Number of protein chains: 2
Amino acid sequence: MNRSDREITPDGSTKSVSITQQVYEALRDKILIGQMEPGARLKVESLKSMLDSGASPIREALSLLTSDQLVERLDQRGFRVAEVSGAQFDEILRLRCALEEMALRESIARADNAWEDRLVLAHHRMVRTPRENTSAFEEQHKSFHQELISACNSPILVKFCDQLYDLNIRYRFLAGKTKSYPSRDVSKEHADILAAAVDRDADAATEALLTHYRKTGQFLADQFEDHGIAPA
Amino acid sequence: MNRSDREITPDGSTKSVSITQQVYEALRDKILIGQMEPGARLKVESLKSMLDSGASPIREALSLLTSDQLVERLDQRGFRVAEVSGAQFDEILRLRCALEEMALRESIARADNAWEDRLVLAHHRMVRTPRENTSAFEEQHKSFHQELISACNSPILVKFCDQLYDLNIRYRFLAGKTKSYPSRDVSKEHADILAAAVDRDADAATEALLTHYRKTGQFLADQFEDHGIAPA
DNA sequence: AATTTTAAAAATATCGACAAATATAAGTTT
DNA sequence: AAACTTATATTTGTCGATATTTTTAAAATT
């Protein structure tokens, strides 16, 4: 990587992106999709060659990931990929339900047409992205959930939800690429959330959202037993 | 600073603490107490001489503070102290009330004697520390509030509360060193919280805690007008 | 044989120097 | 005089080298 790498912004212009940023995103993705296993040591030397950069950007990126709770730091003894546990999975699920309920209710209370438009658009983009294209679908799926709470007028809360979303993703990948959700229509769950939100029906939207999370949670927890993660 | 600086651990042994860690804490304190003003640029060169260290630990510490939302990063244009606003102050207050209520109720539900002991001890240490000794009192005050929620069995939630606590501290210092809280007995508020918690009375404890936060919030918001922070 | 000591190897944390980018100031044109 | 260029000065972001610390392995001691 070198700093002349450029990124295309939505308005067509280009701006340089720091290597730190690139390393941060690359590393985060690898951890989220499970390419770097929980507990694995993150040696700066290895990462240097793997990501083709110097030590400084790597250390900075690792510092950021530490705050995201995706990496653990042992003072004077380096970094390692954060561990996972059934207990943490439960905690994440519980917290997400609590925080997203707050955020969603507030978002609906402050809803305007611009928000409704963004939401419909995000949903449509998710629907038209084939599930097989995992990374593209994940991106759209995340956007949809972000838009839902985007009108809550509470940036810190949004940040917390975002962090929990990422922490949760790891467990989805850890559960393994299962063919499809049996006896479950995820698309309908999303459509229900959207419909209730557009209706400004806070109770129904919250109900639909939390059901969506809890169903996914239950499904994943069942998978974990086959993947060495003990239930809480 | 040099890496031979050592820190005495509770058990009497010493262990070396990385410069990054020292820089992180020094910088965080300076930001929290308002010694580095909101919006001020954080030039690595200046910080190098101020803190007597190299650029790497400074950058790493700044990266960590970015995640704490105490520092803002502008890609390719360095770091600066995060801005403050009446709106953010309100957001922090609202979020603290919501999250700490969750955490406190769960903590009380899971309470055991060890927790009760830690809590009584933390309260006593706070009481015996003179308010004039600001930094020592702040430390004990923070410990007391941490112990309150320490039994909630939700490390991520605790971390969020901790972050919000620090964000809030800044506003306390920004409001200025006011002689004393008029018509308010803060010590009694703390005692009430402690008593309700020891009684395992979740409703009373929550009530006392949130009242404590809201009274402080109202008091601070009144001060802000004299310090250039517009109400939300 | 288990523990402690010593020595070598590996890895982390840090520094100082440099290249790339941004901000500032001076000069030029409209 | 305002707006655009150009040149200069800062400052950021990055790299490669080095000093410290931790880990591993071997040797010595109990």
Side-chain angles (χ1 to χ4, degrees), chain A residues 1-9 11 13-28 36-37 39-67 70-82, chain B residues 1-9 11 13-28 36-37 39-67 70-82:
Chain A
M1 286 191 191
N2 66 75
R3 74 157 68 201
S4 69
D5 284 345
R6 297 194 161 250
E7 176 172 89
I8 301 113
T9 52
D11 63 335
S13 68
T14 64
K15 70 156 188 259
S16 71
V17 167
S18 64
I19 297 186
T20 298
Q21 199 61 27
Q22 297 174 49
V23 168
Y24 170 74
E25 280 161 23
L27 229 38
R28 194 187 57 180
M36 319 208 88
E37 292 196 4
R41 286 201 64 186
L42 292 163
K43 296 187 205 168
V44 178
E45 270 314 305
S46 321
L47 296 176
K48 269 170 66 173
S49 39
M50 172 187 284
L51 298 166
D52 190 29
S53 91
S56 317
I58 301 234
R59 300 198 115 254
E60 274 181 54
L62 289 171
S63 295
L64 290 168
L65 290 164
T66 299
S67 296
L70 289 171
V71 164
E72 282 163 13
R73 177 175 207 160
L74 301 144
D75 215 59
Q76 233 78 299
R77 295 197 285 152
F79 302 86
R80 61 185 57 208
V81 180
Chain B
M1 285 190 192
N2 67 74
R3 72 159 69 200
S4 68
D5 284 346
R6 298 196 159 247
E7 176 173 88
I8 301 112
T9 52
D11 63 335
S13 68
T14 65
K15 70 155 188 258
S16 71
V17 167
S18 64
I19 297 186
T20 297
Q21 199 61 29
Q22 296 174 49
V23 169
Y24 170 74
E25 281 162 22
L27 228 40
R28 194 187 56 180
M36 319 207 88
E37 291 195 3
R41 288 201 64 188
L42 292 162
K43 297 186 205 170
V44 178
E45 258 335 286
S46 321
L47 296 176
K48 268 170 66 172
S49 40
M50 172 188 283
L51 298 166
D52 190 29
S53 92
S56 315
I58 301 234
R59 300 197 115 254
E60 272 182 56
L62 288 171
S63 295
L64 290 168
L65 289 164
T66 299
S67 295
L70 290 170
V71 164
E72 282 164 13
R73 177 172 208 166
L74 300 144
D75 218 56
Q76 234 77 302
R77 294 198 284 157
F79 302 87
R80 61 186 58 208
V81 180

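Chain naming here is simple, since letters A, B, ... match the order of the sequence lines and numbering starts at 1 in each. Predicted model, so just to flag it, every value in this text is computed and none were measured. Both backbone and side-chain heavy atoms feed into the values below; hydrogens, waters and symmetry mates do not.
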Could you state the atom-to-atom distance from NZ of Lys48(A) to C1' of dT12(C) in whole Å? 12 Å

Rounded to the Å, how far apart are Phe79(B) CZ and dT12(D) P? 9 Å

Rounded distance (nearest 0.5 Å) linking atom CD of Glu60(A) with atom CD of Gln21(A): 10.5 Å

Between Leu42(B) and Gly54(A), who's closer to the 5' end of DNA chain D by nearest nucleotide? Leu42(B)

Does a side-chain N or O from Ser53(A) land closer than 4.0 Å to OP1 or OP2 of dT14(D), or not? no

Judged by each residue's nearest nucleotide on DNA chain C, which is more toward the 5′ side, Glu60(B) or Arg41(B)? Glu60(B)

Within a strict 4.5 Å, meaning less than it, do heavy atoms of the Leu62(A) and Arg73(A) side chains meet? no

When the distance from CD of Gln21(B) to P of dT12(C) is rounded to whole Å, what number comes out? 17 Å

Interatomic distance where CG belongs to Asp52(B) and P belongs to dC15(C) [whole Å]: 8 Å

Please give, in whole Å, the distance from dC18(C) P to Ile19(A) CD1? 19 Å

Identify, between Ser56(B) and Lys43(B), the residue whose nearest nucleotide on DNA chain D lies closer to the 5' end. Lys43(B)

Send over the distance from Arg73(B) CZ to dT12(D) C1', rounded to a whole Å. 10 Å

What's the verdict on salt bridge (Lys or Arg N to Asp or Glu O under 4.0 Å) for Arg28(A) and Glu25(A), showing C-alpha distance, side-chain angles and the deciding distance? CA-CA 5 Å; Arg28(A) 194 187 57 180; Glu25(A) 280 161 23; 5.9 Å; no

Atom pair distance, as rounded to whole Å: CG in Leu62(A) and C1' in dT12(C): 12 Å

From C-beta outward on Pro57(B), which listed nucleotide comes closest to its side chain: dT14(C), dC15(D), dT12(D)? dT14(C)

Please confirm whether the shortest side-chain N or O distance from Arg77(B) to OP1 or OP2 of dT11(D) is below 4.0 Å. no

For the atom pair CG (Leu70(A)) and CG (Leu64(A)), what is the distance rounded to the nearest 0.5 Å? 11.0 Å

Nearest-Å distance for atom pair CD/C1', residues Gln76(B) and dT14(D): 11 Å

Quick one: does Val71(B)'s side chain get under 4.5 Å of Leu27(B)'s, heavy atoms only? no

Given dT14(C), dA11(C), dT14(D), the nucleotide with the shortest approach to the side chain of Thr20(B): dT14(C)

